[in-house]
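Computation of the quantities below employed the complete heavy-atom set of this structure, encompassing side-chain atoms and omitting hydrogens, waters and symmetry-equivalent molecules. For ligands, and for the atoms within them, numbers begin at 1 and follow the listed sequence.
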Amino acid sequence: MYSFVVQSFAEWRSCSRALLNAQVPPDQVIFRDSPVQATLFDDESAGEQSWSALVRVPARGHKVPQAFLDLAHAVSCHRDTDRFQLLYRLLWRLTTNEPRLMEVITDDDVHRLHQMEKAVRRDSHKMKAFVRFRKLVTPESEQFVAWHRPDHRVVRLVSPFFSRRFPAMNWTILTPDESVWWDQKELRYGPGCSRDHAPDGDELEDLWLTYYGSIFNPARIKVKTMIREMPVRHWATLPEATIIDDLLNDAPRRVAEMIARQEGHARSARDYLPAHQTLKSLREAAKTCRGCDLCCEATQTVFGEGPADARIVLVGEQPGDQEDLAGRPFVGPAGHVLDEALQQAGMDRSEVYLTNAVKHFKFEPTEKRRLHKKPSARESSACRPWVDAELRLIKPKVLVCLGATAAHSLIGPGFSVTRQRGQFVRSDWCEHTLATYHPSAILRSLQSESLRKLLIDDLKAAKHQADNS
Ligand code: URA
Ligand code: SF4
């Protein structure tokens with residue numbers, strides 16, 4: 001009899017490979033997942049001896065279906081102590097005389113495998129939805145800490161999702177099994193901890209509520225499932241119970257819209273415009289926009305802001321990383337450049353209306369951060385109903401397009417910012433429309449000072465025109 005203490009998928013895999021090479025049948029092996037438990041049975045060294053004997057056996061090529069390995073990876077996170085035993089039994093059967101075993105879904109082992117995988121998947125989904133960070137500020141750093149109690153050992157499965165979602169924050173998720181830290185570079189794992197180590201306080205509540213709303217997929221909601229999937233202990237710690245009600249009430253409408261869109265016309269923000277339009281009702285409605293796929297990955301809709309009677313409207317491209325998290329336009333590095341340029345042109349941010357051609361952040365996730373990606377013409381056009389509606393209500397004296405995306409969307413696709421910037425043209429929305437460089441072009445350019453000067457000149461011209469009309 002061989003016995004092993006195995007705690008991760010990687011360990012199980014190398015163990016199983018050796019066992020298969022040595023042709024050890026499943027009834028000759030015991031897998032356990034904790035050394036404490038192991039001492040109850042027999043002495044540890046028996047396993048180690050078996051192991052060293054096994055690894056001397058020359059490797060043989062075994063063909064294992066990828067579908068099995070994917071399921072096995074998920075199932076290795078299940079809390080059932082028999083999981084590694086089940087996996088090895090299946091592996092043995094697949095590689096000895098049942099290569100098509102995975103197709104026999106009525107087989108007890110295969111059925112159990114699928115059930116366990118489903119439970120792990122559901123639990124991973126729950127962790128993505130229910131983890132809620134609290135902000136901890138110390139003199140040295142800003143930390144975001146969450147406590148969560150998953151049903152299964154899903155921390156390592158789910159952590160990469162959080163590192164993609166919050167790459168630019170230092171965060172920690174504590175669970176009773178183990179904890180994970182992200183330092184904006186690397187995920188590190190450590191021992192589990194109790195609820196008491198997670199801080200309380202509500203600074204991040206708003207951010208979290210919007211985040212939760214944005215990942216809620218109406219087509220998947222079944223009220224009974226929701227209640228089953230949300231054990232009472234989650235409800236106790238979650239203020240988002242309040243928005244779950246709203247989301248549920250709204251779900252049938254959103255599903256109907258999804259179906260209508262699939263059957264008929266191209267998706268666009270048009271389907272989400274409210275019947276009675278004010279800046280306030282537009283802003284509310286835009287929160288639920290699913291007019292294109294950009295809503296799926298971004299945190300929230302970033303709507304325009306500024307006075308409803310602004311004489312000048314400035315339209316940028318799309319929110320950036322910081323705007324996406326804050327829910328406000330031009331609050332990141334490009335926003336600083338713009339604020340300064342406005343001041344130099346004799347204006348203040350509070351007197352203009354600032355918005356974007358596209359209201360959701362488009363990005364490419366990388367190890368370190370979310371890299372800005374230019375929206376496509378299709379996405380610009382899907383989103384145009386929002387900026388159209390904003391302009392229709394504000395009726396500015398002067399409209400300034402910052403960069404090519406806004407200029408192509410509002411003036412026309414043939415417009416060249418390099419050649420035609422600073423010239424007033426007439427657009428559908430405003431008699432006096434002009435395009436100029438985008439503030440982030442100044443951040444990227446080698447000739448940033450000359451571009452900055454042109455941006456300021458163009459803003460001065462906009463102000464002059466607004467003052468005189
Ligand atoms: N760039 C934009 O175009 N808009 C923003 O809101 C921020 C950066
Ligand atoms: Fe809607 Fe615009 Fe966001 Fe696309 S980018 S989902 S159209 S708000």
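Protein heavy atom nearest atom 4 (N) of ligand 1, with residue, atom name and distance: N356 OD1, 2.7 Å. In terms of protein heavy-atom proximity, atom 2 (C) of ligand 1 is closest to Q318 O, 2.9 Å.
Contact annotation for W386 and ligand 2: only side-chain heavy atoms (C-beta onward) come within less than 4.0 Å of the ligand. The part of E323 lying near ligand 1 is the side chain, judged by heavy-atom distances below 4.0 Å.
Heavy atoms only, all atoms of each residue included: R164 and P365 are closest at CD-CB, 4.3 Å.
Ligand-side atoms of ligand 1 in range of P329: 6 (O), range being under 4.0 angstrom from any heavy atom. Every atom of ligand 1 with a heavy atom of H438 under 4.0 Å away is listed here by number and element: 1 (N), 2 (C), 3 (O). Of all atoms in ligand 1, numbered sequentially from 1 with element shown, those under 4.0 Å from a heavy atom of G316 are 3 (O).
Sorted by chain and number, the protein atoms of type N, O or S within less than 2.8 Å of atom 4 (Fe) of ligand 2 are C292 SG.
Ligand 1 has an N or O atom lying under 3.5 Å from an N or O atom of F330, backbone or side chain.
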Residue pair H111, D107: steps toward the side-chain hydrogen bond (donor to acceptor under 3.5 Å, both in side chains) verdict: CA-CA 6 Å; H111 179 65; D107 179 274; over 6 Å; no
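For D428, there are no side-chain hydrogen bond (donor to acceptor under 3.5 Å, both in side chains) partners, not counting sequence neighbours.
Comment: R188 engages D183 in a salt bridge, judged by a side-chain N to carboxylate O separation of less than 4.0 angstrom.
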